[in-house]
Structure formats: C-alpha cells, structure tokens
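Have a look at the structure below before the remarks.
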Amino acid sequence: LRPVLEVLKFLSPEEVVGVARVSKQFYEASFHSEVRKLIFKQTNVLEGHTDCVYSVAVSLKKGIIVSASEDSTIRVWSLTTGQVTQVLRGHSGWVLYVAISSDGEWVVSGGADNTLRVWSLASELTTLVLTGHSDTVRSVAISSNDQYIVSCSDDKTLRVWSLATEEVTRVLEGHSGCVCSVAISKTDQYIVSGSIDDTVRVWSLPSGDTIRVLQGHRFDFFVSVAISSNDEFVVGGTCHVFVKVWNLASGQIIQQLGGHLGQILVSLSDDDKYLVSGDDEETFPESENYFPFKVWDLTT
C-alpha cells in the first residue's frame, strides 16, 4: 500500500481525480474530462525482502526508494532500474518505518527492537542509535531542516531527538494508547500524532506543548496522519471506513471522507489540494463502485 501512495504523490494533481485497482498488476486512474484517460501499469516488482514490507520512502533528488521490512533489513533501490543497491542491517527485530532526509544523504528507521537508527547512505553504516522508548517504535518523521527526528511508540509517547546533540530533547505524553503515526509540518512548527485512543494530537515542535486534541469517534484508531504545508488542516486515517479532516485553528472537523475498508493511509499533495488515501483490504467487494485507492479534491 505505501509504495502505491508514494508513487501517486508524483502524479499531476491537475489531472488525476481518482484511482482504482483493476487487477493485481493494473491501477486505473480517473481524470478530468479534458484529459485523456490512462491505465497505470506495474513497471517493476522490487524483490529481495524475505518478509512483509511495512514502509517506503522516496528521494527524487537521489533517485532512490528506501524500504523497511519485517525481515529486519532496510533496502535501498534505484528508482530507475528497480535494482537493490544497498542492504542495511542492524535492527534486531522488525523494521516498521523508514524516512529519508531532504538531501537524500541519510535515513532514519524505527522498529520492534524499540530503537531508532540513523544510517549514512554513503557508508552504509549506522551513525547513531537512539534508545529510550520502552516498546515498539511505530513511526518516525524528520523535520524539514533535517535537525530533528520525532518518533512515536507503543509505549504511548512521542520523542523529539536533536541530531546536533544526538539526544532526546522532549518526551511528549498525553495519548492513552499506542501511538501509530507521526508527521511534522513543513514549517517545522507542529507535530501531529495519531493513536488507537481515538485522538489525533497536535503539538508544538519548538516547545513540546499540546496545541490541539482532535477527537474522533469510538474505535476510530488513527493509524495515519498528515498536515497541510500551510498548517491550516490536519488529516487522520482511521482503521476503518473514514478519513477525517480538521481545521487546525478551530479543531473542528471540516470533512469526513468515507468508503474505505481496512486501515487507511493518507498522503497530501505538495499544494494541499489533493489527498490520496488507500486501505489494506485485500478481499475487494464485487462492486464496480469500490475503490481501495482514492484521490480526493479538497478544494471542492
């Protein structure tokens, strides 16, 4: 699911309206009426991991894809050829999330061994091991200025790490359940976290203070979050049916987008006009109206 969402981020937002899975190999896109309709065909199968792949990150600057897997490894692939160029080993358990720096020079990963690892892609070595979480690290994010890493964990906390001091600067507490997802705003002002406690929380990155507690419904279980580049709205993907959009200033829900099954991952286009969502439901209903991958126009 994540690789598909990452690829969709590179499509032209002026053209794409929606995407549907046609078969295991094909994805069909819906376009505005004046744009020709295309079929997205699978061009590469990246093989090498020996177990489930949980996360990918893409660097267009370096032309690479980085993947994290249950096989305890991180793999670096050529975006052009689809060939693996590096295999990073060091985690002693599942690697659940990976993020890549803005310059594409280094990677941070988090996993079931309760640690984060910072890797130099030039040397293929771990340059830093960050410890402190007492349970699985579910997600990691890197600030736009590449100075901070934020992690979230099953231990119900988030941690803010300074790369300058190589130490944790803040422990963010407030969630009452496992924290599944974290994102940092492009302005480096806000942290957004999603939890199985049915809330999305917005924190100040500079101070660590709680700015907003965005309440969902019972059993929403927010497994994915995103924040707009202008800091105006926050998006949360639940474990079933709905994607929710809140106004950051007021904390009010401004859109609730339905139609999904399974856990929903979300991603915003760079201009904040389009939202990509996709769920992990594998047994698609026998209906022409069911689209596991969707592109939403947030301007309408």
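By convention here, the first residue in the shown sequence is residue 1.
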> Which heavy atom in Trp161 sits nearest to a heavy atom in Ser151, and how many Å separate them?
Replying inline: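 The pair with the smallest heavy-atom distance is NE1-OG, 2.9 Å.
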Would you say that [X] contacts [Y] through its side chain, given a criterion of any heavy-atom pair below 4.5 Å between the two side chains?
X      : Y      : result
Val192 : Val200 : yes
Val160 : Ile149 : no
Thr210 : Val202 : no

> How many angstroms lie between CD1 in Ile142 and OG in Ser102, if you round to the nearest 0.5 Å?
Replying inline: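 Separation between the atoms: 8.0 Å.
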> Hey, what do you get for CD (Gln255) to CG (Asn247), rounding to the nearest 0.5 Å?
Replying inline: 11.5 Å
Does any donor atom in the side chain of [X] or [Y] lie under 3.5 Å from an acceptor atom in the other side chain?
X      : Y      : value
His133 : Thr115 : no
Trp77  : Thr85  : no
Ser204 : Asp209 : no
His49  : Ser67  : yes
Asp135 : Ser153 : no
Asp231 : Thr187 : yes

>> Using the rule given for side-chain hydrogen bond (donor to acceptor under 3.5 Å, both in side chains), can you reason through Trp106 versus Thr127, listing the C-alpha separation, both sets of side-chain angles and the distance that settles it, and then say yes or no?
In response: CA-CA 9 Å; Trp106 54 274; Thr127 59; over 6 Å; no
>> Check whether Thr126 reaches the backbone of Leu128 with its side chain - one donor and one acceptor, N or O, closer than 3.5 Å.
In response: no
> So, the side chain of Ser72 versus the backbone of Gly93: is there a donor-acceptor pair under 3.5 Å, distance only?
Replying inline: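 Yes: the side chain of Ser72 pairs with the backbone of Gly93.
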>> Side-chain heavy atoms nearer than 4.5 Å, only ILVMFWY residues, links allowed to pass through others: does that put Trp296 and Ile264 together?
In response: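 Trp296 and Ile264: one cluster.
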> Mind checking what makes side chain to side chain contact (heavy atoms under 4.5 Å, CB included) contact with Lys62, not counting sequence neighbours?
Replying inline: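 Ser59, Ile64, Glu105.
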> Does the distance from a Lys or Arg side-chain N to an Asp or Glu carboxylate O, for Asp297 and Lys273, drop under 4.0 Å?
Replying inline: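 A salt bridge is absent here (no side-chain N lies under 4.0 Å from a carboxylate O).
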>> One thing to verify: whether Lys244 and Asp220 come together as a salt bridge, which I'm taking to mean a side-chain N less than 4.0 angstrom from a carboxylate O.
In response: yes
> Quick one: ring-ring contact (aromatic ring centres under 6.0 Å, His included) partners of Trp246, sequence neighbours excluded?
Replying inline: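 If we apply the ring-ring contact (aromatic ring centres under 6.0 Å, His included) test to Trp246, skipping adjacent residues, the hits are Phe222.
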> Is the number of heavy atoms from other residues, nucleotides or ligands under 6.0 Å of Tyr148 OH greater than 12?
Replying inline: no
